[in-house]
There are 2 protein chains.
Amino acid sequence: MDLSPVAEDYLKAIYHLEDEYGRSVRTTEISEELDVTSPTVTSMLDSLDERGLVDYTPYQGVELTDRGEEIVLQLVRNHRLLETFLMEYLDYSWSTVHDEADRLEHHVSDEFTRRLARFLGEPATDPHGDPIPDADLRMPDESPYTPLTEYEPGDNVTVEQVPHRDPDVREYLSQHRIGPGTRLVVDEVSPIDLVTVVPSSTDTSVALPTHVARRIGARAVTK
Amino acid sequence: MDLSPVAEDYLKAIYHLEDEYGRSVRTTEISEELDVTSPTVTSMLDSLDERGLVDYTPYQGVELTDRGEEIVLQLVRNHRLLETFLMEYLDYSWSTVHDEADRLEHHVSDEFTRRLARFLGEPATDPHGDPIPDADLRMPDESPYTPLTEYEPGDNVTVEQVPHRDPDVREYLSQHRIGPGTRLVVDEVSPIDLVTVVPSSTDTSVALPTHVARRIGARAVTK
DNA sequence: AGATGGATTTAGACCAGGCTAATTATTCTC
DNA sequence: GAGAATAATTAGCCTGGTCTAAATCCATCT
Ligand SMILES: [Mn+2]
Ligand SMILES: [Mn+2]
Ligand SMILES: [Mn+2]
Ligand SMILES: [Mn+2]
């Protein structure tokens, strides 16, 4: 299967959207995720379906096939190992590393990734706290982190996992000094889709909408 | 200037051919180098000329402009730093490293290359003995190595620079255990375009056509 | 100087991946 | 259950990069 970077990005988008919504994915969702028009998506879905990488039912939605998912898992492995390398050896910050990896993931060979994984010591998690599929593309077990939304006011936690694909979310968190390793106290978990936290480095309260807080993984600090 | 990898490869081909023949480059030469047909080359030359990256006179030939050369030098810098990393840290062999670098060179950012150069200690030469342009794209001075063709029978030398872009040449040298660091004795420099050498590791004489021997750089071993 | 052959360009086609405008399905609302 | 609103697809066009076949240029040789 010789796939263009463009086609690979459609598969990745479908993967992430399936994961986010837990159901088959709509044309519009892909078109928004990738910033292309919906007719463009339709024609790519036709072509991916022909190649057996997705199951696509017009007007109904699309899902990855096993072969499609395998391709995505290899890309995710490439991506997360690259991010690990870029941060640990080239001193990229967690908020700048994604774009570089998102391009390179399509262009490194499997051989490269094998060797890089060995060089890095076969890590199971990347610096954003996300799991890295192993050489057989098995995803490590559930991450042991608890979403910020499940803590109580007053809880003292260390951030371990940070959503970073969306540039706006990334920028906001980075601006407010919330990243991997940040210590913070949960201030308020409001029923109107808001969590407020106080990073110990700043003493300033930071408001987080639930959809962001839910994706921040943290570990309780045992005093 | 937002250039496709394909366009970049045309510029690189022109650069290497100019270097090899010391004159402007013909359509056919590019078409052989890149394995595309000559009409394809003609149309790409039109487009590169319009963008000011080459000077192209139909039926006469083509040369890089300063802007074109700058782009190539950045690619060469990317390429040689990548090869250095791949060999020194990921244990690629000198004969397998080129293809990976030849793809990646088009996809790493300038930021990546700056950081990689720092990580590697700002090397001036790659593991094939080729000079690496510095951050301002200045090529280091002439390599201090002497082509194998200029030695005399009986001379004892260490190979420092090895041509490796042509897969056939690369395969031949690798097969006969001639690579960076190889010690060998010059056996015969024949007027019929042939140099024979004996690598000290094998004791078997290896014949090299002049066009290959000329590109092998070596240093005399002082006994 | 003219004829010829090889190199080169022009003409016309195709595919991937985009777009806009128009059409058709599906879903929502009353 | 009909009409309106929304989502999705189809139709048709464009660009970049490729090809083959046809036309043209130019260097060389007599
Ligand atoms: Mn990422
Ligand atoms: Mn990507
Ligand atoms: Mn190389
Ligand atoms: Mn290349």
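Values below: every heavy atom of this structure, side chains too, minus hydrogens, waters and symmetry copies. Lettering of chains follows the sequences in order, A, B, ..., and the numbering in each one begins at 1.
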Could you state the interatomic distance from CG (A/Leu173) to CG (A/Leu208), rounded to the nearest 0.5 Å?
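The distance works out to 6.5 Å.
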Who passes ring-ring contact (aromatic ring centres under 6.0 Å, His included) against B/Tyr59, sequence neighbours left out?
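Applying ring-ring contact (aromatic ring centres under 6.0 Å, His included) to B/Tyr59 gives none.
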Report the residues that fulfil ring-ring contact (aromatic ring centres under 6.0 Å, His included) with B/His164, sequence neighbours left out, ordered by chain and then residue number.
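Only B/His98, B/His128 meet the ring-ring contact (aromatic ring centres under 6.0 Å, His included) criterion with B/His164.
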For A/Glu33, check salt bridge (charged side-chain N to carboxylate O under 4.0 Å, His left out) against everything at least two apart and list the hits.
A/Arg165
Do the two ring centres, one from B/Phe112 and one from A/Tyr92, sit under 6.0 Å apart?
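No, ring centres 6.0 Å or more apart.
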Need to verify one output field. Residue with the more 5' nearest nucleotide on DNA chain C, B/Gln60 or A/Pro58?
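Nearest-nucleotide comparison on DNA chain C picks B/Gln60.
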Starting from P on C/dG17, measure out to CG on A/Leu34 and report it in whole angstrom.
13 Å
Please report, rounded to the nearest Å, how far the P atom of C/dC15 is from the CG atom of A/Asp2.
18 Å
Give every residue pair that meets the side-chain hydrogen bond (donor to acceptor under 3.5 Å, both in side chains) criterion with at least one member in residues 110-123 of chain A, sequence neighbours excluded.
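Checked against side-chain hydrogen bond (donor to acceptor under 3.5 Å, both in side chains) - neighbours excluded - the pairs reaching residues 110-123 of chain A are A/Asn78-A/Thr113, A/Glu111-A/Arg114, A/Glu111-A/Arg115.
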For every nucleotide of nucleotides 14-25 of chain D, 5' to 3': is a protein heavy atom under 4.0 Å from its base (B), only from its sugar-phosphate (S), or from neither (-)?
---SBBBB---S
Is it true that A/Lys12 and A/Asp102 make a salt bridge, defined as a side-chain N closer than 4.0 Å to a carboxylate O?
yes
Which ones in residues 13-27 of chain A lie close to DNA chain D, meaning a heavy atom under 4.0 Å from one of its atoms?
A/Arg26, A/Thr27
Pairwise side-chain contact, A/Leu116 with A/Thr84, heavy-atom cut-off 4.5 Å (strictly under)
no
